[in-house]
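Since the structure comes first, as C-alpha cells, the remarks are kept for the end.
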Amino acid sequence: MPDLVALYGWPLLLAMAAASVVIGFSKTSFGGIAAISVAVFALAMPAKESTATVLLLLIVGDLIAIARYRTVSWRLLWKLVPSVIPGLLLGALFMNFVDDLTMRRTIGALLLVMVTIQVWQRFARPSVVVSPNTDPHWVRASLTGTAAGFTTMTANAAGPVMALYFLAARIDKARFIGTNATFFALINLSKVPLAASLGLFTVEGLALDLVMIPAVLLGAALGALVIKHVTQRQFEGVTMVASAVSAASLLLR
C-alpha cells in the first residue's frame, strides 16, 4: 500500500478527509455541496485522476443515502434517462480536448446561470403559484439530463444541476434526498468503466479511497442528524445557496 503521508503530507490528507466528510454530509442532507469536495481533491492531486478517486467516495455516499432514504420519485428519474448517456459520452470526449481550467470554469458559469434563473423564479415572481410535485417539462428534463451527464463525467459536479431540477419539481426533502441518491448511484456506477477506460484509476487513488471511507460515513451520519431539524423552506434555501457556492468554487479554481 502506498505511503499516503509521504505522498501527500498531513495537511493535504486532513483537507481531503474534511472534503470526504462533506461528501457524506451532502448525500444525506443538502445536495449540491459535494462540488466543494471535488475542488479540494483536485487541488491535492492531478485533476483528472482526482475525479476517479472522488467517484468511488461518491458511490459510497450514494449507497448510504439510498439505505437511509427509500422514498424515490421514479417519475422524475425516467424523464432524465434518455439524455444522461449522451451527456456522459460528450463529457468523456470533451475531457480529451479541453484543459482542466477551461472545463471547470465553463461548468461553473453554466451552474451560476441556472442558480440565477431558479432564484429569479422563486423570489422575483412571488405571484406565480407553483403546485407541489410539479412535473418538469420534457425539455427541461432533457437539458438537465444532458447537463448532468456532462458535468458529472468531466468534474463530478452534477450535484447543483440535479438540485435545481428537483427544486423545480417542488418535492419534499426526504423524497429529494432519496431520488437524488438513487439517480447518482446509477450514474456514478455507469461512470466507473468510462473512467477506467481513460486510465483515471491509480493505486494511490484507490488506497486514498480506503482511508477516506470512514470520513464519508461520519459525514453521512451528521447529515442525517442535521436534516431532521431543517424545515422544507430552509432546505430549499440552503440547497440553492450551496449550489451557487459550488459553482463559484469551480470558477475560482
Ignoring hydrogens and geometry, is there a side-chain-to-backbone donor-acceptor pair from [X] to [Y] under 3.5 Å?
X: T146; Y: L143; result: no
X: K79; Y: S142; result: no
X: T28; Y: A220; result: yes
X: S29; Y: A224; result: no
X: N180; Y: F176; result: no
X: Q232; Y: I171; result: yes
X: Y8; Y: M45; result: no

Nearest heavy-atom neighbours spanning [X] and [Y]:
X: A148; Y: T151; result: O-OG1, 3.3 Å
X: A17; Y: A215; result: O-CB, 3.6 Å
X: A44; Y: L12; result: CB-CD2, 4.0 Å
X: A15; Y: V40; result: O-CG1, 3.6 Å
X: S37; Y: A19; result: OG-O, 2.7 Å
X: S83; Y: A141; result: OG-O, 3.7 Å

Hphob cluster co-occupancy, [X] + [Y], side-chain heavy atoms under 4.5 angstrom:
X: I23; Y: L186; result: no
X: V211; Y: L13; result: yes
X: V84; Y: V72; result: yes

- Taking it one step at a time, do L58 and F184 satisfy side-chain contact (heavy atoms from CB on, under 4.5 Å)? CA-CA 8 Å; L58 291 171; F184 278 109; over 6 Å; no
Compare all side-chain heavy atoms of [X] with those of [Y] and state whether any distance is below 4.5 angstrom.
X: Q234; Y: T231; result: yes
X: D209; Y: L57; result: yes
X: L7; Y: D3; result: no
X: V230; Y: F30; result: yes
X: L88; Y: I187; result: yes
X: L89; Y: I85; result: yes
X: F25; Y: L218; result: no
X: R70; Y: I66; result: no

- Item | Summary of ring pair (Phe, Tyr, Trp, His ring centres under 6.0 Å) pairs that have at least one residue in residues 33-55, sequence neighbours excluded | none
- Task: Show your reasoning for whether side-chain contact (heavy atoms from CB on, under 4.5 Å) applies to T182 and W74.
- Result: CA-CA 9 Å; T182 301; W74 292 104; 3.6 Å; yes
- Pairs flagged by side chain to side chain donor-acceptor pair (under 3.5 Å) wherever residues 193-207 is involved - sequence neighbours left out: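 Applying side chain to side chain donor-acceptor pair (under 3.5 Å) to every pair that reaches into residues 193-207, excluding sequence neighbours, yields nothing.
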- Query: Got a sec, which residues hit ring pair (Phe, Tyr, Trp, His ring centres under 6.0 Å) with Y69, two or more places apart in sequence or on another chain?
  - Reply: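 Y69 satisfies ring pair (Phe, Tyr, Trp, His ring centres under 6.0 Å) with no residue once adjacent residues are dropped.
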- Message: Please enumerate all residues that pass ring pair (Phe, Tyr, Trp, His ring centres under 6.0 Å) together with F183, with sequence neighbours excluded.
- Response: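 In terms of ring pair (Phe, Tyr, Trp, His ring centres under 6.0 Å), with neighbours along the sequence ignored, F183 is linked to no residue.
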- Should side-chain heavy atoms under 4.5 Å link Ile, Leu, Val, Met, Phe, Trp and Tyr, which residues sit in the same cluster as L55? L56, I59, L63, L189, V192, F201, L206
- Message: As an exercise, state the distance from CD1 of I177 to CD1 of I227, rounded to the nearest 0.5 Å.
- Response: 4.5 Å
- Message: For M162 and L80: C-alpha separation, side-chain torsions, deciding distance, then whether side-chain contact (heavy atoms from CB on, under 4.5 Å) applies.
- Response: CA-CA 10 Å; M162 295 309 303; L80 296 171; 3.3 Å; yes
- Task: Keeping to residues at least two apart or across chains, list the salt bridge (Lys or Arg N to Asp or Glu O under 4.0 Å) pairs with something in residues 53-69.
- Result: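 Matches after skipping sequence neighbours: K27-D62.
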